[in-house]
**Q** 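Have a look at the structure that comes next, please.
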Amino acid sequence: MRSVKLATWNVNSLAVRLPQLLDWLAAHPVDAIVLQETKLTDDKFPQAEIAEAGYQAQWFGQKTYNGVALLSRVPATDVVRNIVGFADEQARVIGGTVGGLRVIGAYFPNGQAPGTDKFEYKLSWMRALRDWLREELATHPQLVLMGDFNVAPEDRDVHDPLAWAGQIHCTDEEREHFRQLLALGLHDAFRLFEQPPRSWSWWDYRNLAFRKNQGLRIDHILVSDALKSRVTACTIDKAPRKNERPSDHAPVIVEIAD
DNA sequence: ATGTCACCTGGTAGGTGA
C-alpha cells in the first residue's frame with residue numbers, strides 16, 4: 001500500500017534557506033510541502049530551482065514579511081490564496097487540491113502580545129479561518145490544514161508552562177480558537193501517536209534555546225475526520241535546526257495511507 | 001540576560017518583527 005507524505009516548514013526567509021530546503025527535500029522526498037515566511041515578492045520566488053528538484057509550486061508572497069508556498073510532486077488544482085471572504089493585506093494562506101487531498105498551508109499571525117492590535121488581528125484571523133474551513137470541509141472532506149499556527153495548544157507543548165502562562169502563543173483565547181478549529185472535525189496528527197516528551201517545533205534563536213531544548217510546539221498538521229484513521233505517522237524533524245544558519249522552526253511531517 | 005536573526009531604510013547604524 002502506497003502512502004502520501006506531507007510536510008510543513010516555516011523557513012524564515014526562503015532566500016536564505018533555499019539550499020537547506022533543497023537538501024531536505026532530497027533526503028525527504030515528500031509528496032507535498034507547505035512553506036511559511038518565504039519573505040519574497042512573487043517575482044523573486046525561486047521557481048526554477050524548485051522545479052529542478054522535481055516540484056511544482058504555487059506561491060503567494062509580499063515584501064519583507066509573511067509569504068507562503070505549496071510545493072507538490074503533481075500539480076495542485078483549485079488553488080486558493082488567503083482566507084476567502086476575509087480581506088487581508090498579509091500573504092498567509094495558500095491551498096490546493098493535491099492527489100485528491102485538500103491541502104491548506106497557513107502562517108497564522110504571531111499576535112505580538114495580548115492586548116495589542118496585532119493580538120486582536122490574530123483572533124479575528126483565526127475566526128475567519130474557522131468560518132472558511134467549515135465551507136472547505138463541506139466540499140473537500142479529505143482536508144489537511146498545516147503550517148505555523150503560532151499557538152501552543154496545551155501546556156505539554158511548552159518547555160516552561162509557568163513562565164509562558166498567559167504569554168503570546170499560550171493564552172486561553174488562542175487555545176480556545178485552536179480548539180474551535182478542532183471542533184470543525186479536525187485532529188492534531190502529532191497527538192494521534194505516542195511522542196517523545198518535550199517535543200517542540202520552534203526554538204528561539206536567543207538564549208541558546210535549541211541547545212537547552214527550550215521550545216514550543218506551534219507548527220501543526222490537522223487532518224479531517226475522513227483522514228484520521230489513515231494517518232500512520234507524524235513526526236518533527238529536528239535535524240535542520242542543527243544546520244549552520246538554521247530556521248528557528250523544524251519541519252513537521254505526516255504520513256497518510258491510501 | 002531583551003543573550004538572535006532577517007529585512008528594511010538610508011546608510012556605514014537603527015528600527016521592526018518574530
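Remember, predicted model here, so these are calculated numbers, not experimental data.
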**Q** Can a donor-acceptor pair be found between the side chains of Q36(A) and D148(A) at a distance below 3.5 Å?
**A** no
**Q** Thinking salt bridges, do R175(A) and D155(A) make one under a 4.0 Å N-O criterion?
**A** yes
**Q** From OH of Y107(A) over to C1' of dA6(B), roughly how many Å is that when rounded to an integer?
**A** 12 Å
**Q** In terms of ring plane angle, is the pair H249(A) and W202(A) parallel, tilted or perpendicular, where the classes change at 30° and 60°?
**A** tilted
**Q** Nearest to the R92(A) side chain among dC8(B), dA18(B), dT4(B), which nucleotide is it?
**A** dA18(B)
**Q** Near DNA chain B, under 4.0 Å by heavy atom, which residues of residues 108-128 of chain A?
**A** N110(A), K118(A)
**Q** Taking only the side-chain nitrogens and oxygens of K63(A), find out if one of them lies under 4.0 Å from OP1 or OP2 of dT9(B).
**A** yes
**Q** Crowded around D160(A) CG? As in, over 12 foreign heavy atoms under 6.0 Å?
**A** yes
**Q** When the distance from CD of Q167(A) to P of dA18(B) is rounded to whole Å, what number comes out?
**A** 16 Å
**Q** Using whole Å, what does the distance between atom C1' of nucleotide dC7(B) and atom CG of N12(A) come to?
**A** 10 Å
**Q** Considering only atom P, compute the distance from dG10(B) to dA6(B) and round it to an integer number of Å.
**A** 23 Å
**Q** Between N150(A) and R245(A), just flag the one whose closest nucleotide in DNA chain B comes earlier from the 5' side.
**A** R245(A)
**Q** Are more than 12 heavy atoms from other residues, nucleotides or ligands located less than 6.0 Å from atom NZ of K238(A)?
**A** yes
**Q** Can you measure Y205(A) atom OH to dA6(B) atom C1' for me and round it to whole angstrom units?
**A** 8 Å
**Q** Start at the 5' end of DNA chain B and walk down; is the nucleotide closest to T64(A) or to K212(A) reached first?
**A** K212(A)
**Q** Ignoring the backbone of Y65(A), work out which of dG17(B), dC5(B), dC7(B) is nearest its side chain.
**A** dG17(B)
**Q** Tell me what F210(A) touches on the nucleic acid: a base, only sugar-phosphate, or nothing, going by heavy atoms under 4.0 Å.
**A** nothing
**Q** With P as the reference atom in both, quote the distance from dC7(B) to dT2(B) in angstrom, rounded to an integer.
**A** 25 Å
**Q** What is the separation between atom CH2 on W202(A) and atom P on dA18(B), rounded to the nearest whole Å?
**A** 12 Å
**Q** Aromatic rings H159(A) and W164(A): how do their planes relate, parallel, tilted or perpendicular, breaks at 30° and 60°?
**A** perpendicular
**Q** Regarding R134(A) and D131(A), does a basic nitrogen lie under 4.0 Å from an acidic carboxylate oxygen?
**A** yes
**Q** Less than 4.0 Å between a side-chain N and a carboxylate O, is that true for R81(A) and D42(A)?
**A** no
**Q** What is the distance, rounded to the nearest whole Å, between atom CD of Q214(A) and atom P of dT4(B)?
**A** 15 Å
**Q** If I take atom CD in residue Q62(A) and atom P in nucleotide dC7(B), what distance separates them, rounded to the nearest angstrom?
**A** 13 Å
**Q** Please give the distance between the C1' atoms of dT12(B) and dC8(B) as a whole number of Å.
**A** 15 Å
**Q** By nearest atom, which of the nucleotides dA18(B), dC8(B), dC5(B) is closest to the R17(A) side chain?
**A** dC5(B)
**Q** Using whole Å, what does the distance between atom P of nucleotide dA18(B) and atom CZ of F149(A) come to?
**A** 18 Å
**Q** Can you tell me, in whole Å, how much space there is between the P of dT16(B) and that of dG11(B)?
**A** 16 Å
